[in-house]
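Worksheet: one structure, shown below.
Note on naming: letters A, B, ... go to the chains in the order of the sequence lines (proteins, then strands), and numbering restarts at 1 for each one.
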Amino acid sequence: MGFLEEAERIRIHVDQALERLGFTGRARVEEPPIPELGDLATPVAFDLARKHGLNPVEAADRIISSLEASKMEVLKHVENVNGFINFRFDPVKYSVKVLNEALSKRGDYGKFPVASRKILIEHTNSNPNKALHVGTLRNAVIGDVLARLLRFLGHEVIVVNYIDDSGSQVADNILAHYFMKTPLEPPEGTRFDEYSGRVYAEYSEKIEKDEELRRMRSEIIRKIEEGGNEVADFARLFSEKVVECQLETAWGFRIFYDLLNWETDVLRSGIFEWAVNELKSRGEAYLEEEGENKGCLMIRLRDVEEFSRLKAPDEVLVRSDGTATYVGKDIAYAAWKLGLTPRRFRVKKWFKQPNGRTLLTTHWDGEEYDYHGADLAITVVDKRQEYPQKVVEHALRKLGAPPEKKYLPYLYEVVALSGETASELTGVEELRERRMVHMSGRKGIVFNANDLFKTVFQKVYEETLRRNPSKDEEWVRSVSTHLSVASIRYSLFKTDKNNIIVFDVKDATRLEGDTAPYLQYTYARACRILEKASVDVNSLTEASFNTPEELSLVRQIGKFSWVLNMASETLALNIIAVYMRHLADMFNSFYEKCPVITGEGPRMDRLALVKAFTITMGNAFEITGIEKLNEV
RNA sequence: GGGCCCGUGGCCAAGCCAGGAUAAAGGCGUCGGCCUUCGGAGCCGGAGAACCUGGGUUCAAAUCCCAGCGGGCCCGCCA
């Protein structure tokens with residue numbers, strides 16, 4: 001029984017005590033600010049005092065005397081401190097319970113009972129005309145950690161990546177290659193995705209300035225949407241080449257998918273047509289007959305409270321040239337996610353991924369895909385898309401999404417570059433003075449994920465080699481790769497999703513302090529102790545912990561499920577990072593002060609503590625996609 | 001014009017949604033210690049904070065409410 005269970009148990013006891021005293025209510029149970037005050041506390045006496053005009057200190061006394069403390073197993077002491085009711089566990093009993101639970105549950109330690117839900121997570125969503133950059137990587141890492149967390153807790157999770165192959169970005173590249181004969185072969189030594197990003201940056205500007213080119217682009221989009229023609233086939237092959245590169249990058253970062261949903265297939269499957277017709281027949285979509293948007297199919301938002309204050313609330317679903325907008329397609333796609341549409345995607349197997357899972361892709365000559373919708377559809381998108389996502393949510397309600405089915409845009413802030421990094425990347429000296437510089441594909445201010453990996457890897461490799469001169473090259477490279485990937489992943493989910501990450505190369509190549517390599521190093525240290533002890537421990541009947549280092553570490557291990565519970569309720573991933581770091585900090589303090597292997601052999605209770613630590617940290621690593629290394 | 005987010009030591013940042021304990025984590029940087037016992041990517045200690053400002057609610061506000069200020073973003077027949 002860990003902290004989560006004990007907190008719940010104490011809450012129930014307090015509630016029962018309240019009831020016996022003739023009060024109703026639910027006690028809040030929290031952690032005291034400092035361990036000296038106890039393991040758990042409730043300020044419920046203050047709530048009663050306010051409600052019933054009592055003195056909080058006296059109320060606390062009455063509650064304590066009504067508590068059936070003897071029935072509370074691991075509890076050692078209850079006291080009233082200025083109205084706070086503080087509970088203290090018997091440290092030995094609690095330690096034995098926590099460690100035994102970890103040692104017996106192992107890979108399942110941290111799980112708690114949940115009602116399993118069907119969850120769909122969409123992430124990455126990079127246009128198929130450029131390489132993944134640190135911004136899309138934040139998106140992908142967040143999505144990947146969400147998927148790992150929710151799977152760990154027992155939910156049925158499917159991970160999808162939306163390939164926007166029918167928008168104007170890809171059309172710009174098709175115009176450049178197919179009609180303007182820009183070579184399709186990248187220059188020697190350049191990846192295809194990076195090359196296409198450069199071609200896009202060059203041509204999008206030209207096209208924007210030239211009416212004839214804009215007309216051609218519109219025709220290209222129309223042809224791509226229509227399908228069954230040479231341009232559309234060319235576009236699909238082009239996009240597939242880019243997506244293959246993007247997948248390779250993602251896989252390198254241990255990010256995997258179940259299904260790629262191509263935007264053109266939202267159209268060809270009839271899902272888009274279904275959504276538009278449904279909105280029309282429900283009176284939510286109409287053809288604009290005058291003004292700026294003449295000839296467009298619009299969704300009616302002007303009467304909706306949350307959109308009513310906008311200058312022009314209604315949104316375009318289908319352009320006057322007959323092509324679909326992003327919002328229009330996204331509404332249809334979202335309806336599919338929740339199983340609202342009777343139309344199906346056709347899919348086929350595309351790759352066997354390095355993690356062993358098959359990757360499906362939608363394709364016109366595939367087989368009908370049997371998916372009847374998620375209970376919860378999470379879309380990981382950056383904050384700039386909050387407004388269109390609101391439109392999607394509104395449209396889903398109008399399409400009859402039942403209240404128990406949830407569409408959740410998971411909004412996170414973007415990654416910007418520090419002035420220094422932007423300056424070094426572009427060679428533009430003026431940028432150096434800026435606190436941050438937003439990335440821009442068109443301006444060529446982009447830090448690509450592969451370049452980031454290379455930069456971090458170089459630093460990690462040197463460091464690993466220096467510390468392990470006797471290890472062979474293959475080992476050093478493998479360990480360096482894992483450390484680099486973990487370091488980058490950790491840096492992208494440890495920050496609150498509402499905060500902009502100002503990416504800086506100096507900071508990214510740091511391997512000390514609040515970094516994944518620190519966590520992995522700590523884990524490896526623990527593994528060495530287990531190895532050197534040369535005895536295993538799988539359960540414990542007694543312990544003689546008496547140092548603050550031992551007890552803090554036990555408490556932190558016991559809090560694992562409590563943290564995961566909070567993470568699953570709030571979907572805040574940074575709290576898992578904070579937890580892991582505290583866990584590592586506590587282990588390292590313990591390591592300094594409490595020898596495990598002594599002259600008389602290993603102390604079994606401490607050995608059990610070390611093993612419980614590796615189990616807990618190991619499970620946290622699984623959830624966050626950090627490789628468990630026994631040696632670094 | 002409307003809307004969203006952020007503002008905590010020199011820098012980054014946890015805590016804020018579910019208000020509590022006159023001790024507000026941690027990291028970087030800085031100053032000083034620790035490698036003859038399990039790995040120094042570590043540990044121990046020091047200095048460093050008007051929790052943006054002003055009101056309000058409350059027994060209690062970094063946390064909730066209101067008004068400002070500063071920074072970022074969104075409101076396109078782009079995505």
Round to the nearest Å and state the distance from A/Asn499 atom CG to B/rC16 atom C1'.
12 Å

Pairing residues for A/His123 by the ring-ring contact (aromatic ring centres under 6.0 Å, His included) criterion, not counting sequence neighbours:
A/Tyr257

For B/rG42, the nucleotide meeting Watson-Crick or G-U wobble distances (both under 3.5 Å) is B/rC34

With heavy atoms under 4.0 Å as the rule, sort A/Thr464 into base, sugar-phosphate or nothing.
base

Assigned partner base of B/rA14, Watson-Crick or wobble definition, under 3.5 Å:
none

Angle between ring planes, A/Phe3 versus A/Trp562, binned at 30° and 60°: parallel, tilted or perpendicular?
perpendicular

Measure from the side-chain heavy atoms of A/Ser589 and tell me the nearest of B/rC43, B/rG1, B/rA14.
B/rC43

Checking all strands, does A/Cys594 fall into the base, sugar-phosphate, or nothing category for heavy-atom contacts under 4.0 angstrom?
base

What is the distance from OH of A/Tyr326 to P of B/rG76, rounded to the nearest Å?
15 Å

Side chain to side chain contact (heavy atoms under 4.5 Å, CB included) with A/Glu463: which residues, sequence neighbours excluded?
A/Arg466, A/Arg467, A/Leu511

Taking only residues two or more places apart in sequence, or in another chain, which ones meet A/Tyr490 in a ring-ring contact (aromatic ring centres under 6.0 Å, His included)?
A/Phe493

Want to settle it: does A/Glu569 or A/Ala584 sit nearer the 5' end of RNA chain B, counting the closest nucleotide to each?
A/Glu569

For A/Arg309, answer base if it contacts any base atom (sugar-phosphate contacts may also be present), sugar-phosphate if it contacts only those atoms, and nothing otherwise; contact means non-hydrogen atoms under 4.0 Å.
sugar-phosphate

All N/O contacts under 3.5 Å from nucleotides 64-73 of chain B to the protein, with atom names and distances to one decimal?
from   : atom 1 : to       : atom 2 : distance (Å)
B/rG72 : O3'    : A/His438 : NE2    : 3.1

For A/Ser168, answer base if it contacts any base atom (sugar-phosphate contacts may also be present), sugar-phosphate if it contacts only those atoms, and nothing otherwise; contact means non-hydrogen atoms under 4.0 Å.
sugar-phosphate

Taking only the side-chain heavy atoms of A/Asp496 (C-beta and beyond), determine which of B/rC77, B/rC43, B/rG15 contains the nearest atom.
B/rG15

Output all residues satisfying ring-ring contact (aromatic ring centres under 6.0 Å, His included) with A/Phe46, sequence neighbours left out; order by chain, then residue number.
A/Phe84

Just checking A/Glu531: base, sugar-phosphate only, or nothing, at a heavy-atom cut-off of under 4.0 Å?
nothing

Looking across every strand, which nucleic acid part, if any, lies under 4.0 Å from A/Ala533 by heavy atom: base, sugar-phosphate, or nothing?
nothing

Counting only side-chain nitrogens and oxygens, does A/Asn468 get under 4.0 Å of the OP1 or OP2 atom of B/rG39?
no

Could you work out, with salt bridge (charged side-chain N to carboxylate O under 4.0 Å, His left out) as the rule, every residue matching A/Glu433, not counting sequence neighbours?
none

Could you work out, with salt bridge (charged side-chain N to carboxylate O under 4.0 Å, His left out) as the rule, every residue matching A/Glu462, not counting sequence neighbours?
none

Look at the side-chain N and O atoms of A/Arg525 and state whether any lies under 4.0 Å from the OP1 or OP2 oxygen of B/rG40.
yes

Should A/Lys532 be listed as having a side-chain N or O under 4.0 Å from OP1 or OP2 of B/rG39?
yes

What residues, two or more places apart in sequence or in another chain, satisfy ring-ring contact (aromatic ring centres under 6.0 Å, His included) together with A/Phe457?
A/Phe453, A/Tyr461

Checking N1-N3 plus N6-O4 or O6-N4 for Watson-Crick, or N1-O2 and O6-N3 for wobble, each under 3.5 Å, the partner of B/rC4 is B/rG72

Once you round it to whole Å, what is the distance between P of B/rC12 and CD of A/Glu420?
14 Å

What is the distance, rounded to the nearest whole Å, between atom CG of A/Asp504 and atom C1' of B/rC11?
11 Å

Rounded distance (Å) that lies between atom P of B/rC43 and atom OH of A/Tyr521:
9 Å

When the P atoms of B/rG9 and B/rA13 are considered, how many whole Å apart are they?
11 Å

In this structure, how many angstroms lie between the C1' atom of B/rG39 and the CG atom of A/Asn630, rounded?
13 Å

Checking salt bridge (charged side-chain N to carboxylate O under 4.0 Å, His left out) between A/Glu420 and each of A/Arg434, A/Arg435, A/Lys506, which is the one that passes?
A/Lys506

Length of the line joining A/Lys390:NZ and B/rG2:C1', which is rounded to integer Å:
11 Å

Base, sugar-phosphate, or nothing: which does A/Gln169 touch, judged by heavy atoms less than 4.0 Å apart?
nothing

Distance check, P atoms only: B/rC75 and B/rA18, in whole angstrom units.
30 Å

Give one of base, sugar-phosphate or nothing for A/Glu631, where a contact means two heavy atoms less than 4.0 Å apart.
base

Here the pair of heavy atoms bringing A/Arg528 nearest to A/Glu631 is NH1-CG, 3.3 Å

Per-nt protein contacts along nucleotides 19-30 of chain B (heavy atom under 4.0 Å; B base, S backbone sugar-phosphate only, - none) come out as SBB-B-BSSS--

Just how far, in rounded Å, is P of B/rC78 from OH of A/Tyr387?
14 Å

Atom P, compared across B/rC52 and B/rC11: separation rounded to whole Å:
13 Å

Nearest of B/rG42, B/rC38, B/rC17 to any side-chain atom of A/Thr570?
B/rC17

Does the structure show a Watson-Crick or G-U wobble partner for B/rC64, both distances under 3.5 Å? Name it, or say none.
B/rG56

Look at all strands and tell whether A/Val316 reaches a base, only sugar-phosphate, or nothing, counting heavy atoms closer than 4.0 Å.
sugar-phosphate

Please confirm whether the backbone N or O of A/Ala486 pairs with a side-chain atom of A/Glu627, one donor and one acceptor, at under 3.5 Å?
no

Would you mind classifying the nucleic acid contact of A/Pro313 as base, sugar-phosphate or nothing, using non-hydrogen atoms under 4.0 angstrom?
nothing

By the 4.0 Å heavy-atom rule, please label A/Ile575 as base, sugar-phosphate, or nothing.
sugar-phosphate

Which part of the nucleic acid does A/Asp330 contact within heavy-atom distance under 4.0 Å: base, sugar-phosphate only, or nothing?
nothing

Taking the nucleotide of RNA chain B with the closest heavy atom to each, which residue, A/Ala324 or A/Val632, is nearer the 5' end?
A/Val632

